[in-house]
Student: 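I have a structure here, written as structure tokens, and I will follow up with some questions on it.
All heavy atoms count here, side chains included; hydrogens, waters and symmetry mates do not.
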Amino acid sequence: MRRTEIKILLQRTDFGQLINVKGWVRTKRASKNVAFIALNDGSTLKNVQVVVEINDQNKDILERIHSGASLSVDGILTESLGKGQKVEINAKNIEILGEANPEEYPLQPKKHSLEFLREKAHLRFRTNTFSAIARVRHAMIFAIHQFFNERNFYNIHTPIITGSDAEGAGEMFQVTTLNLENIPKNDEGKVDYKKDFFGKPANLTVSGQLEGELAALALSKIYTFGPTFRAENSNTTRHLAEFWMIEPEMAFYDLDDNADLAEEMLKYVIKYALDNCMDDLEFLSKRQQEEEKNKKADERSMELIEKLNFILAEPFIRITYTEAIKILKNSKPNKKKRFQYIIEEWGADLQSEHERYLVEKHFKRPVILTDYPSSIKAFYMKQNEDGKTVRAMDVLFPQIGEIIGGSQREENFEKLQAKIKALNIPESSMWWYLETRKFGTVPHSGFGLGFERLILFLTGMTNIRDVIPFPRTPQNLEF
RNA sequence: GCCUCCAUAGCUCAGUUGGUUAGAGCAUCUGACUGUUAAUCAGAGGGUCCUAGGUUCAAGUCCUGGUGGGGGCGCCA
């Protein structure tokens with residue numbers, strides 16, 4: 001008999017039909033004559049209740065069923081007598097596909113710590129929290145592609161292995177087929193990369209932006225959505241060595257157009273989650289409230305769904321770096337020296353505490369900061385007339401900080417070339433990038449959205465290692 | 001990379017000023033119960049108190065090193 005997914009089954013009302021379900025046991029409750037099995041197949045957060053009349057034939061099977069076991073159940077779709085659900089299954093035949101020894105199976109029908117589950121990453125999909133996150137994550141992947149597709153953006157696959165070592169977005173993982181136990185050396189005693197796979201040093205990409213720009217300067221509007229690798233020794237709740245990034249790049253867009261798109265996209269995907277993932281969001285909301293119940297009232301987060309609706313309701317604040325510095329300089333924590341880093345003068349790099357003050361205390365809304373000092377931003381950003389600032393933008397969200405970083409790109413050949421020289425970036429490695437400014441250059445803009453940071457915000461989780469199935473962080477590569 | 005906190009039963013945690021036999025809930029096992037909702041009730045088993053040293057009459061508790069983990073900061077998405 002063909003399997004019916006629990007998500008579908010729970011919506012059916014054609015009671016009396018014989019059906020088949022397959023899934024994993026969450027709990028089993030037994031009394032003398034009847035047993036109840038909560039079965040979950042991951043198609044939805046919800047379980048289906050399998051009702052078993054205990055008799056001599058099924059007694060042995062029932063004793064072998066524990067949390068975590070996988071079953072195939074044939075039974076009659078029935079209107080439930082109990083209170084917790086409308087639909088249930090009266091089991092006619094139960095087959096155990098795989099037992100789960102209760103003495104060894106680590107997941108119990110109870111609350112586990114996220115730290116514990118992180119060490120059981122191979123099984124944590126089977127919990128409500130992690131299956132909910134996985135479903136929301138999928139919905140966001142889908143919503144992002146749909147958002148761009150509806151707006152005539154083309155998805156571009158930019159390379160994962162890159163020969164460019166000048167992207168400036170951070171430390172890179174080197175890719176090599178050289179034998180590290182016996183590295184070939186050249187006449188100067190240095191590594192002979194001519195013997196390596198590509199004949200030159202290769203790395204994993206830290207950004208698809210530069211290649212994305214090449215495509216945008218022909219297709220007008222493109223986006224990338226791919227894995228990104230940073231070999232930074234970052235030990236925080238919001239950094240990964242391997243993460244997924246969405247990078248749209250648009251010809252003929254200035255910084256304002258860029259900020260408009262960023263805000264529209266964030267609101268679109270959040271609305272998509274509210275429209276399509278309500279079961280999971282409600283569960284994640286309860287989970288968050290449960291986790292924060294011991295916190296003081298003023299330290300608790302806004303309720304998750306309320307928070308998401310709140311983001312949709314208001315326009316993001318847009319101010320320049322210069323205006324932000326003024327606000328921060330005059331702020332209470334700055335005057336009372338509560339900030340760890342006191343804002344003294346224009347040009348200072350903003351720390352997390354400053355960004356959080358602006359978003360969480362001062363404006364109480366997402367903030368788009370623009371026009372940063374050129375000294376603290378990347379070489380490719382468009383230089384402003386003032387000679388001091390660049391057309392950069394950071395989108396700052398409550399709790400998670402920087403969710404998007406972007407800019408209008410420098411399209412002027414001479415200015416870009418001068419900047420590359422000034423920063424000692426080898427021009428030989430950037431010739432193809434520079435040529436786009438030589439031939440038919442146009443104003444263009446783009447940004448990078450950290451996908452896992454978006455998922456953090458949407459799920460109310462606080463550690464980025466819990467919103468990607470298999471997190472890669474320094475000293476951690478178990479799964 | 002820097003700072004900080006934590007490690008007690010399979011899991012979550014309590015364990016007083018260092019004091020005699022280390023506890024609870026859940027899970028497991030046994031029994032009871034005709035429909036339960038992380039079922040309930042009764043009972044049982046389950047411990048290298050992370051590890052190696054040290055202080056002390058006495059260490060789960062204090063000190064030092066190690067290991068593992070959490071959080072904060074920096075880098076950034």
Side-chain angles (χ1 to χ4, degrees), chain A residues 25-38 40 46-54 63 66-68 78 80-85 88 90 100-120 127-128 167-171 206-209 227-247 262 294 339-341 349-356 376-378 394-397 400-406 447-457 462-468 473-476 478:
Chain A
V25 174
R26 285 295 174 78
T27 61
K28 183 186 77 173
R29 298 176 288 278
S31 56
K32 197 174 185 181
N33 301 316
V34 63
F36 303 92
I37 297 166
N40 186 284
K46 292 176 180 145
N47 304 325
V48 69
Q49 171 156 281
V50 176
V51 184
V52 190
E53 304 278 345
I54 300 172
E63 278 179 9
H66 296 96
S67 293
T78 312
S80 181
L81 300 173
K83 276 181 185 166
Q85 59 285 314
E88 64 187 21
N90 274 317
N101 182 344
E103 303 286 349
E104 293 174 39
Y105 185 63
L107 303 183
Q108 296 152 30
K110 59 159 290 188
K111 197 157 209 123
H112 290 285
S113 68
L114 296 171
E115 292 82 4
F116 174 74
L117 293 170
R118 229 169 270 157
E119 293 174 3
K120 304 273 180 276
T127 65
N128 286 335
E167 290 172 8
E171 293 296 311
V206 292
S207 165
Q209 180 199 317
T228 309
F229 307 90
R230 305 259 169 105
E232 307 282 339
N233 189 13
S234 298
N235 296 288
T236 78
T237 54
R238 56 186 193 285
H239 288 87
L240 291 164
E242 176 183 295
F243 64 101
W244 292 73
M245 190 154 63
I246 296 100
E247 295 182 285
N294 291 329
F339 283 142
Q340 199 185 333
Y341 295 89
D349 208 349
L350 299 183
Q351 310 293 321
S352 304
E353 57 181 346
H354 306 130
E355 296 176 350
R356 293 190 64 151
I376 59 173
K377 286 292 179 184
D394 283 357
V395 181
L396 309 177
F397 261 35
I400 53 171
E402 186 179 345
I403 193 168
I404 280 178
F447 61 81
L449 168 72
F451 184 61
E452 282 76 17
R453 291 189 181 175
L454 174 69
I455 305 300
L456 273 182
F457 184 75
T462 52
N463 192 320
I464 202 161
R465 297 166 191 206
D466 295 330
V467 296
I468 187 167
T473 54
Q475 302 298 314
N476 175 21
E478 182 65 23

Student: How would you label the contact of Ile246(A) with the nucleic acid (heavy atoms, under 4.0 Å): base, sugar-phosphate, or nothing?
Tutor: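 It contacts nothing in the nucleic acid.
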
Student: Under 4.0 angstrom, heavy atoms only, what part of the nucleic acid is Glu88(A) near: base, sugar-phosphate, or nothing?
Tutor: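 It contacts base atoms.
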
Student: Within the structure, does a side-chain N or O atom of Ser234(A) lie under 4.0 Å from either OP1 or OP2 of G74(B)?
Tutor: no

Student: Check the phosphate of U37(B) against Gln49(A), side-chain N and O only, distance under 4.0 Å to OP1 or OP2. Yes or no?
Tutor: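 No, because none of the side-chain N or O atoms of Gln49(A) sits under 4.0 Å from OP1 or OP2 of U37(B).
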
Student: Examine U37(B): is either OP1 or OP2 under 4.0 Å from a nitrogen or oxygen in the side chain of Arg26(A)? Give yes or no.
Tutor: no

Student: So, His354(A) versus Tyr341(A), ring centres under 6.0 angstrom or not?
Tutor: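 Centroid separation for His354(A) and Tyr341(A): 6.0 Å or greater.
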
Student: Output the distance between atom CD1 (Ile403(A)) and atom CD (Glu452(A)), rounded to the nearest 0.5 Å.
Tutor: 11.0 Å

Student: For Ser234(A) and Thr236(A), indicate whether the former's side chain and the latter's backbone hold a donor-acceptor pair under 3.5 Å.
Tutor: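 It does not hold such a pair.
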
Student: Any side-chain N or O of His66(A) under 4.0 Å from OP1/OP2 of C29(B)?
Tutor: yes

Student: Under 4.0 Å between a side-chain N/O of Ser31(A) and OP1 or OP2 of G35(B), yes or no?
Tutor: yes

Student: Between P on G74(B) and CD1 on Ile376(A), what's the gap in Å once rounded to a whole number?
Tutor: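 Interatomic distance, CD1 of Ile376(A) to P of G74(B): 13 Å.
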
Student: Within the structure shown, what part of the strands sits under 4.0 Å from Leu240(A) by heavy-atom distance: base, sugar-phosphate, or nothing?
Tutor: base

Student: Using a cut-off of 6.0 Å, state whether more than 12 heavy atoms not belonging to Lys111(A) lie near its atom NZ.
Tutor: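 Yes, NZ of Lys111(A) has more than 12 neighbouring heavy atoms, counting only those of other groups under 6.0 Å.
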
Student: When all nucleic acid strands are considered with a 4.0 Å heavy-atom cut-off, which category describes Ala38(A): base, sugar-phosphate, or nothing?
Tutor: nothing

Student: Give a yes or no on whether the backbone of Phe229(A) and the side-chain of Glu242(A) come within a donor-acceptor separation of less than 3.5 Å.
Tutor: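 Flag not set: sc Glu242(A) to bb Phe229(A) has no pair under 3.5 Å.
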
Student: Can you tell me if Thr228(A) and Arg230(A) form a side-chain donor-acceptor pair at under 3.5 Å?
Tutor: no

Student: Nearest-Å distance, CZ (Arg230(A)) to P (G1(B))?
Tutor: 20 Å

Student: Is Glu353(A) reaching over with its side chain to a backbone N or O of Gln340(A), donor-acceptor style, under 3.5 angstrom?
Tutor: yes

Student: Round to a whole Å and report the spacing from CG of Asn233(A) to C1' of G1(B).
Tutor: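 It is 6 Å, rounded to the nearest whole Å.
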
Student: Could you list, one pair per line, each protein nitrogen or oxygen that sits under 3.5 Å from a nitrogen or oxygen of nucleotides 8-10 of chain B, together with the distance?
Tutor:
from, atom 1, to, atom 2, distance (Å)
G10(B), N2, Gln108(A), OE1, 2.5
G10(B), N2, Gln108(A), NE2, 3.1
G10(B), N3, Gln108(A), NE2, 3.2

Student: How is Glu104(A) classified with respect to the nucleic acid when contacts are heavy atoms under 4.0 Å: base, sugar-phosphate, or nothing?
Tutor: nothing

Student: When we call it a touch if two heavy atoms are under 4.0 Å apart, what does Gly448(A) touch: a base, just sugar-phosphate, or nothing?
Tutor: sugar-phosphate

Student: Considering just the side-chain nitrogens and oxygens of Arg465(A), establish if one lies under 4.0 Å of OP1 or OP2 belonging to G70(B).
Tutor: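 Checking G70(B) against Arg465(A), a side-chain N or O does come within under 4.0 Å of OP1 or OP2.
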
Student: Determine whether a donor-acceptor pair (one donor, one acceptor, N or O, separation below 3.5 Å) exists between the side chain of His239(A) and the base of C76(B).
Tutor: yes

Student: With side-chain contact (heavy atoms from CB on, under 4.5 Å) as the criterion, how do Val50(A) and Phe36(A) come out once you've worked through the C-alpha distance, each side chain's angles and the decisive distance to 0.1 Å?
Tutor: CA-CA 6 Å; Val50(A) 176; Phe36(A) 303 92; over 6 Å; no

Student: Atom CD1 of Ile464(A) and atom OG1 of Thr237(A): how far apart are they, to the nearest 0.5 Å?
Tutor: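 Rounded to the nearest 0.5 Å, the CD1-OG1 separation comes out at 8.0 Å.
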
Student: Of the options C11(B), C75(B), C73(B), whose atoms approach the side-chain atoms of Glu232(A) most closely?
Tutor: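 Side chain of Glu232(A) sits closest to C75(B).
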
Student: So, taking the atom named CG in Asn40(A) and the one named CZ in Arg26(A), what distance separates them when rounded to the nearest 0.5 Å?
Tutor: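 Reported to 0.5 Å precision, the distance equals 4.0 Å.
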
Student: Does the side-chain ring of Phe243(A) lie flat on the base of A77(B), meaning centres under 5.5 Å and planes less than 30 degrees apart?
Tutor: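 Check passed, Phe243(A) stacks on base of A77(B).
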
Student: Give Thr237(A) one of three labels, base, sugar-phosphate or nothing, depending on what nucleic acid heavy atoms sit under 4.0 Å from its own.
Tutor: sugar-phosphate

Student: Hey, does the side chain of Arg356(A) come within less than 4.0 Å of G72(B)'s phosphate (OP1/OP2), counting only N and O?
Tutor: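 For G72(B), neither OP1 nor OP2 has a side-chain N or O of Arg356(A) closer than 4.0 Å.
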
Student: Quick one: on RNA chain B, does Asn463(A) or Phe451(A) contact a more 5' nucleotide (nearest heavy atom)?
Tutor: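 The residue closer to the strand's 5' end, by nearest nucleotide, is Asn463(A).
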
Student: What's the gap between A9(B) and A32(B) when it is taken at their C1' atoms, as a whole Å value?
Tutor: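 Straight-line distance between the two C1' atoms is 27 Å.
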
Student: Rounded off to whole Å, could you give me the CZ-to-P distance for the Arg453(A) and C75(B) pair?
Tutor: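 Computing the Arg453(A):CZ to C75(B):P distance gives 12 Å.
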
Student: Quickly work out the Lys28(A) NZ to A27(B) C1' distance and round it to whole Å.
Tutor: 13 Å

Student: Look for any protein N or O under 3.5 Å of an N or O in nucleotides 13-15 of chain B and output each such pair with its distance, or none.
Tutor:
none

Student: Output the rounded distance in Å from CZ (Phe397(A)) to P (A77(B)).
Tutor: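 Checked: the CZ to P distance equals 16 Å.
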
Student: Determine the interatomic distance between P on U16(B) and the same-named atom on A7(B); round to the nearest Å.
Tutor: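 Nearest-Å result for U16(B) against A7(B) at atom P: 12 Å.
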
Student: For the P atoms, the ones on C6(B) and on C62(B), what distance do you get once it is rounded to whole angstrom?
Tutor: 9 Å

Student: Could you walk me through whether Leu114(A) and Asn463(A) satisfy the side-chain contact (heavy atoms from CB on, under 4.5 Å) test, starting with their C-alpha distance in whole Å, then the side-chain angles of each, then the deciding distance to 0.1 Å, before giving a yes or no?
Tutor: CA-CA 9 Å; Leu114(A) 296 171; Asn463(A) 192 320; over 6 Å; no

Student: If you measure from CD1 on Ile37(A) to CZ on Arg29(A), what distance do you get to the nearest 0.5 Å?
Tutor: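 One finds 10.0 Å between CD1 of Ile37(A) and CZ of Arg29(A).
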
Student: Between U21(B) and G15(B), how far apart are the C1' atoms? Round to whole Å, please.
Tutor: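 My reading of the C1' atoms in G15(B) and U21(B) gives 15 Å.
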
Student: Whole angstrom is fine here: how far is it from CD in Gln475(A) over to P in G68(B)?
Tutor: 8 Å

Student: Expressed in angstrom and rounded to an integer, what is the separation of Phe339(A) atom CZ from G72(B) atom P?
Tutor: 18 Å

Student: For the side chain of Gln85(A) and the base of U36(B), is some donor closer than 3.5 Å to an acceptor across the two?
Tutor: yes

Student: Dot-bracket for RNA chain B, please. Rules: Watson-Crick or G-U, both distances under 3.5 Å, ( ) within the strand, [ ] when a pair crosses earlier ones, | for another strand, . otherwise.
Tutor: (((((((..((((.....[...)))).(((((.......))))).....(((((..]....))))))))))))....

Student: Could you give the distance from CG (Asn101(A)) to NE2 (His66(A)), rounded to the nearest 0.5 Å?
Tutor: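 It comes to 8.0 Å.
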
Student: Go through the steps for Asn47(A) and Gln85(A) under the test side-chain contact (heavy atoms from CB on, under 4.5 Å), then give the verdict.
Tutor: CA-CA 9 Å; Asn47(A) 304 325; Gln85(A) 59 285 314; over 6 Å; no

Student: Have a look at Asp349(A) and say if it touches a base, only the backbone sugar-phosphate, or nothing, with a 4.0 Å heavy-atom cut-off.
Tutor: sugar-phosphate

Student: Once you apply a heavy-atom cut-off of 4.0 Å, does Thr236(A) come out as touching a base, just sugar-phosphate, or nothing?
Tutor: base

Student: Taking U40(B) as the reference, what is the distance to A22(B) when you measure between their P atoms (whole Å, please)?
Tutor: 29 Å

Student: Measuring from Phe397(A):CZ to Arg453(A):CZ, what's the distance to the nearest 0.5 Å?
Tutor: 12.5 Å

Student: Does U34(B) have OP1 or OP2 under 4.0 Å away from a side-chain N or O of Arg29(A)?
Tutor: no

